[in-house]
Number of protein chains: 4
Amino acid sequence: MPIDPNGPVPLYQQIADYIRQLVAAGVFRSAEALPSLRALAVQLAVNPNTVQRAYDQLEREGLVYARRGLGLFVAERGAELARNKSQEALYQTFMQAILAGKAAQLSGEKIGAIFQRALAGADVKARNQ
Amino acid sequence: MPIDPNGPVPLYQQIADYIRQLVAAGVFRSAEALPSLRALAVQLAVNPNTVQRAYDQLEREGLVYARRGLGLFVAERGAELARNKSQEALYQTFMQAILAGKAAQLSGEKIGAIFQRALAGADVKARNQ
Amino acid sequence: MPIDPNGPVPLYQQIADYIRQLVAAGVFRSAEALPSLRALAVQLAVNPNTVQRAYDQLEREGLVYARRGLGLFVAERGAELARNKSQEALYQTFMQAILAGKAAQLSGEKIGAIFQRALAGADVKARNQ
Amino acid sequence: MPIDPNGPVPLYQQIADYIRQLVAAGVFRSAEALPSLRALAVQLAVNPNTVQRAYDQLEREGLVYARRGLGLFVAERGAELARNKSQEALYQTFMQAILAGKAAQLSGEKIGAIFQRALAGADVKARNQ
DNA sequence: GTGGTCTAGACCACA
DNA sequence: GTGGTCTAGACCACG
């Protein structure tokens with residue numbers, strides 16, 4: 001349960017991200033029901049409103065659809081969408097960061113070097129956890 | 001003047017980032033005066049308080065120093081500091097993005113490929129402008 | 001509540017100093033919520049922006065962290081940081097005062113004597129309150 | 001000519017302090033004329049208004065008196081007043097700093113130790129200059 | 001409810 | 001004219 005109420009990322013965002021990862025990884029399969037709002041809220045010790053907001057976002061992304069009275073279900077191509085979404089988000093983030101770097105007069109090579117350093121740093125960080 | 005009042009990034013942050021880029025790029029040189037609070041506020045169609053807040057942040061970063069009654073000036077090693085700051089920010093952004101990607105089950109190779117695609121895309125974008 | 005709107009020290013600075021003292025003294029404990037922006041603003045008869053500015057400074061010092069929607073909390077090592085900060089500030093003030101005294105041709109012994117007199121005077125003042 | 005247009009102390013304050021020190025040290029004697037406003041302004045490369053403001057403050061302190069058409073003269077007991085003024089300012093600064101330290105739960109011994117450290121530090125600083 | 005940002009406009013200190 | 005502080009009151013994001 002990687003939810004951290006401290007930390008800069010909003011709770012609802014963390015919850016949405018976490019579920020999106022589970023869907024992408026195939027933990028929740030197509031047409032399978034997700035945990036109910038209240039159940040998840042209790043499990044995460046979080047306000048139901050917050051879970052609602054996370055579910056809203058996932059529904060807006062088309063990953064998930066609601067059946068009134070039954071619950072939330074993973075969309076047919078949910079796993080695929082989730083993976084695309086992650087990659088798209090990554091691409092956008094990289095793009096913006098690179099443009100900011102170029103604006104600050106950093107060369108493409110320099111930016112690439114910083115990226116490699118970060119990639120190596122992330123590996124170390126993951127191994128230490 | 002790349003200031004977007006509707007984006008998610010606070011105005012004062014955008015202003016600070018923009019000026020930091022100008023200092024890093026050597027547009028404002030050491031011991032040279034920056035635009036006055038009010039002048040920049042008028043130019044950006046923004047409240048003077050907002051510019052002030054941006055300048056405050058730059059001053060805390062040591063990029064710039066203010067002299068009451070005189071104006072704002074680029075610090076001696078301002079350009080150098082600005083470049084370091086930019087690289088550090090880039091590293092942090094990359095690190096977070098990479099960790100998010102790993103959490104979404106993307107391999108290091110896959111993440112690297114997305115980065116290369118973004119880097120190429122940024123080149124194209126720059127050339128078209 | 002020792003806030004003086006007419007003194008030379010900015011209000012936000014006074015507020016930050018005061019809360020830092022309370023944290024240093026252990027009045028607010030680690031992970032405990034501080035008074036909300038608006039509550040403190042009302043209590044001090046001050047604009048919420050002013051309190052916000054004080055809290056900003058404390059947050060930058062690492063004494064305190066803010067959670068949107070929840071409130072402000074004392075950081076884990078907040079009390080320790082507050083005490084260090086107080087000592088550092090004291091050292092800086094003494095240093096400047098001593099240099100000013102030396103510039104005015106006062107000997108080290110003379111300056112020391114004045115300090116001892118002030119220390120005794122502070123004791124008396126504290127006892128009378 | 002220890003006037004530093006950068007640095008946090010206002011120019012007029014620096015000028016007043018400097019002249020007060022000269023008077024305290026007996027460089028300017030009783031009933032002796034001080035440099036004229038314009039002469040000093042030129043010498044310090046400073047706006048005459050700024051020198052005026054410094055002279056105003058010294059006159060308010062009673063260190064100096066103006067003879068219209070003749071210039072500024074050191075008051076009879078000027079040197080004595082200057083010395084007292086320095087010591088009084090020092091005493092007040094120490095007192096305030098000590099009270100702040102006590103408020104932050106520092107013991108008198110601890111405060112004394114910090115003072116001794118600052119005194120030693122000031123010696124080192126002076127020797128290095 | 002909480003904190004975070006922003007505007008409009010005021011007054012002060014300094015050069 | 002410059003920067004620095006403050007108020008009054010608005011709107012947003014979050015829980």
Side-chain angles (χ1 to χ4, degrees), chain A residues 3 5 8-15 41 44-54 56-57, chain B residues 3 5-15 33-41 44-56 58-59 64-73, chain C residues 3 5-15 33-41 44-56 58-59 64-73, chain D residues 3 5 8-15 41 44-54 56-57:
Chain A
I3 302 299
V9 183
L11 274 183
Y12 83 94
Q13 192 61 262
Q14 292 185 45
I15 295 171
L44 299 177
V46 148
N47 192 304
N49 283 334
T50 305
V51 177
Q52 174 69 57
R53 209 159 158 180
D56 277 355
Q57 179 168 328
Chain B
I3 301 298
N6 296 321
V9 182
L11 276 180
Y12 78 91
Q13 191 60 260
Q14 292 183 45
I15 296 171
L34 270 61
S36 86
L37 274 180
R38 288 164 186 79
L40 191 54
L44 299 178
V46 142
N47 190 289
N49 275 330
T50 305
V51 178
Q52 161 90 279
R53 208 165 160 185
Y55 276 179
D56 269 4
L58 295 173
E59 196 172 2
V64 129
Y65 62 93
R67 295 282 74 219
R68 200 181 293 207
L70 291 179
L72 258 89
F73 303 87
Chain C
I3 303 299
N6 297 320
V9 181
L11 276 180
Y12 78 91
Q13 191 60 260
Q14 293 183 45
I15 295 171
L34 270 60
S36 87
L37 275 181
R38 288 165 184 79
L40 191 55
L44 299 178
V46 146
N47 190 290
N49 276 331
T50 305
V51 177
Q52 161 91 280
R53 209 166 160 184
Y55 276 178
D56 269 3
L58 295 173
E59 196 172 1
V64 130
Y65 62 92
R67 296 281 74 219
R68 202 182 291 208
L70 291 179
L72 259 89
F73 303 86
Chain D
I3 302 299
V9 183
L11 276 183
Y12 83 94
Q13 192 60 263
Q14 292 184 45
I15 296 171
L44 299 178
V46 147
N47 192 303
N49 284 333
T50 306
V51 178
Q52 174 70 57
R53 207 158 160 184
D56 278 357
Q57 179 169 327

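Each chain gets a letter, A, B and so on, in the order its sequence line appears, and its residues count up from 1. Just so it is clear, the model here is predicted, and its values are computed rather than measured.
- For the side chain to side chain contact (heavy atoms under 4.5 Å, CB included) test, residues two or more places apart in sequence or in another chain that qualify with C:R53 are B:D56, C:Y12.
- Comparing D:L11 and C:L37 by the nucleotide of DNA chain E that holds the closest heavy atom to each, the one mapping nearer the 5' end is C:L37.
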Dot-bracket encoding of pairs in DNA chain E, which uses [ ] for pseudoknotted crossings and | for another strand, Watson-Crick or G-U under 3.5 angstrom: ||||||||||||||.
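- Annotation: side chain to side chain contact (heavy atoms under 4.5 Å, CB included) contacts of B:N49 (sequence neighbours excluded): B:N47.
- Nearest-nucleotide positions on DNA chain F for A:P5 and B:E59 put B:E59 closer to the 5' end.
- Heavy atoms of C:Y55 sit nowhere under 4.0 angstrom from any nucleic acid atom.
- The two residues B:L11 and B:P5 have their closest heavy-atom pair at CD2-CA, 3.8 Å.
- Close approach of DNA chain F to chain C, defined as any atom under 4.0 Å from a non-hydrogen atom of the protein, starts and stops at F:dT5 to F:dG15.
- A residue-by-residue look at B:Q13 and C:R38 shows that C:R38 has its nearest nucleotide of DNA chain E further toward the 5' end.
- Contacts of C:E59 classified as side-chain hydrogen bond (donor to acceptor under 3.5 Å, both in side chains), with partners at least two apart in sequence or in another chain: none.
- Nearest-nucleotide mapping onto DNA chain F: of C:R53 and B:G71, the residue sitting toward the 5' end is B:G71.
- The two residues A:A54 and A:I15 have their closest heavy-atom pair at CB-CG2, 3.7 Å.
- Contact of the B:Y55 side chain with the B:P35 side chain is registered, since non-hydrogen atoms from C-beta on lie closer than 4.5 Å.
- Of the possible polar contacts, none joining the A:Q57 side chain to the A:Q13 backbone as a donor-acceptor pair under 3.5 Å is found.
- With sequence neighbours left out, D:P48 forms a side chain to side chain contact (heavy atoms under 4.5 Å, CB included) with D:L37, D:A41.
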